[in-house]
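Below: one structure, written as structure tokens.
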Amino acid sequence: MSVRVQEVDFDPGRELDRLTRENTGIGGVTSFIGLVRDMAGDQPVSGMTLEHYPGMTEKMLERIEAEAHERWPLDASLIIHRVGPLEAGDRIVMVATASAHRQAAFESCHFLIDWLKTKAPFWKAERTSEGQELWVEARESDEEASERWNR
Amino acid sequence: MSVRVQEVDFDPGRELDRLTRENTGIGGVTSFIGLVRDMAGDQPVSGMTLEHYPGMTEKMLERIEAEAHERWPLDASLIIHRVGPLEAGDRIVMVATASAHRQAAFESCHFLIDWLKTKAPFWKAERTSEGQELWVEARESDEEASERWNR
Amino acid sequence: MKLLYFAWLKNKLGADSEEVAPPEEVVDVASLLEWLHNQGPAYAEALGDRRRIRVAVNQEYARPDTPLSQGDEVALFPPVTGG
Amino acid sequence: MKLLYFAWLKNKLGADSEEVAPPEEVVDVASLLEWLHNQGPAYAEALGDRRRIRVAVNQEYARPDTPLSQGDEVALFPPVTGG
């Protein structure tokens, strides 16, 4: 289990390698990487700034990760989330889960990102092409995606 | 869209980079990497050999990938499958899908590996610790996982 | 009591944190928001729509009836948008 | 007609491919398997349980009633186990 909140970029290949190294009981690793898109709806976006609540963020991420380990038989997992200024195309977040079974890896990885999106205290401010920063509104679809794991 | 069948290993980080490079409309990338496990049921396994049907394999993989692009709004996708002798812990397969939307990326990636497992002509022979090679039997759970995408 | 503000709440209130000493009738999250709302036009505007505000007490999500003590760290922020 | 064998079918039949010239009554996949089954003890054993055999004609999955022509490439193999 590993949770990191950082300004600097990360290397997905290296993270995947570290996740599975020296555990040949792992049959599959599912990962999701979120990237900064160049559009918000129909508005061009040049980048964004990610704010967070230091302390609470790590606590919530660790709790979400622990919940995944409760629900699925996981060998390893990883959550990395960047904060600070980012440009279009930059990596924002990576979640990954490793298990003997691919179904568990898929479901738990999906769960991690869905819960992270509605429970971890991060806020995005998108930069318009004029340099203005606009706070992103939470989406109902994210709330619904998160809720389905409560069933 | 990209399909590769190869004996040599691949670099997941590099593949993920190539998948999303120069497309800042991509919001998320889901990937699955399958690894050689050291156990088959309760029997230790030192490695395996992957056989395939050259020609038909590529054709089926391309068809499965095209089907994913029909079903989900994908910006990019990738299927790499190794053949030949592999050791415990080695990478066997990588599938990845990139989309503006994470739900599409998750579902299509899961679909790719589920269909690949029941439709692409690969066969695994597991090597026991005594060096004997035993052909792996297809699992009903794989067939069921594949069938659910027909609903 | 330490208050923390994030995202547009921080912009509207012009600060990311402040120390406050609310009166005795502030006993829970609901009464704190009620009191804060009356502390001037910036507060009135930022806290006008309660549905847009989430609250954490000592880094745990709180509800309107979550009790408060003087030494608490109380964070006010909009629904989260990470990931 | 070219036959290809994979996985344990290859082991049991001692070859990964062979050229065959089946008689006229072999018109589809079912009749080919029927005829092959009678070509000796190795074939009888390998093809004994039809449920364990999958067939592709010209690299497309085939059914028992898929018609066959002399120039076809017909592959026999067990259910796939890749991924």
*Is it the backbone or the side chain of B:M48 that comes under 4.5 Å from a heavy atom of chain D, or both, or neither?*
neither
*Please report the shortest heavy-atom distance between D:A56 and B:M56, naming the atom on each side.*
CB-SD, 3.6 Å
*Please look at B:K59 and chain D and tell me whether the side chain, the backbone, both or neither of the residue comes under 4.5 angstrom of a heavy atom of that chain.*
side chain
*Give the ring-plane orientation class for D:F77 versus B:Y53, where under 30° counts as parallel, over 60° as perpendicular and anything between as tilted.*
perpendicular
*Evaluate whether atom CZ of B:R14 has more than 12 neighbouring non-hydrogen atoms of other residues, nucleotides or ligands under 6.0 angstrom away.*
no
_Part of B:A125 within contact of chain D (heavy atom distance under 4.5 Å)_ = neither
*asked:* At a heavy-atom distance under 4.5 Å, which candidate from B:M60, B:E143, B:K119 has the highest pair count against chain D?
replied: B:K119
*Under 4.5 Å, counting heavy-atom pairs only, tell me which of D:V80, D:N11, D:L4 racks up the most with chain B.*
D:V80
*Pick from D:Y61, D:W8, D:F6: which one has the most heavy-atom pairs with chain B under 4.5 Å?*
D:F6
*With a 4.5 angstrom heavy-atom cut-off, which part of B:E133 approaches chain D: side chain, backbone, both or neither?*
neither
*In terms of heavy-atom proximity below 4.5 Å to chain D, should B:R139 be classed as side chain, backbone, both, or neither?*
neither
*Sort D:R54 into side chain, backbone, both or neither according to what part of it lies under 4.5 angstrom from a heavy atom of chain B.*
neither
*Checking heavy atoms, do the side chain of D:N58, its backbone, both or neither come under 4.5 Å from chain B?*
backbone
_Sub-4.5 Å side-chain heavy-atom contact between D:Q59 and B:E58_ = no
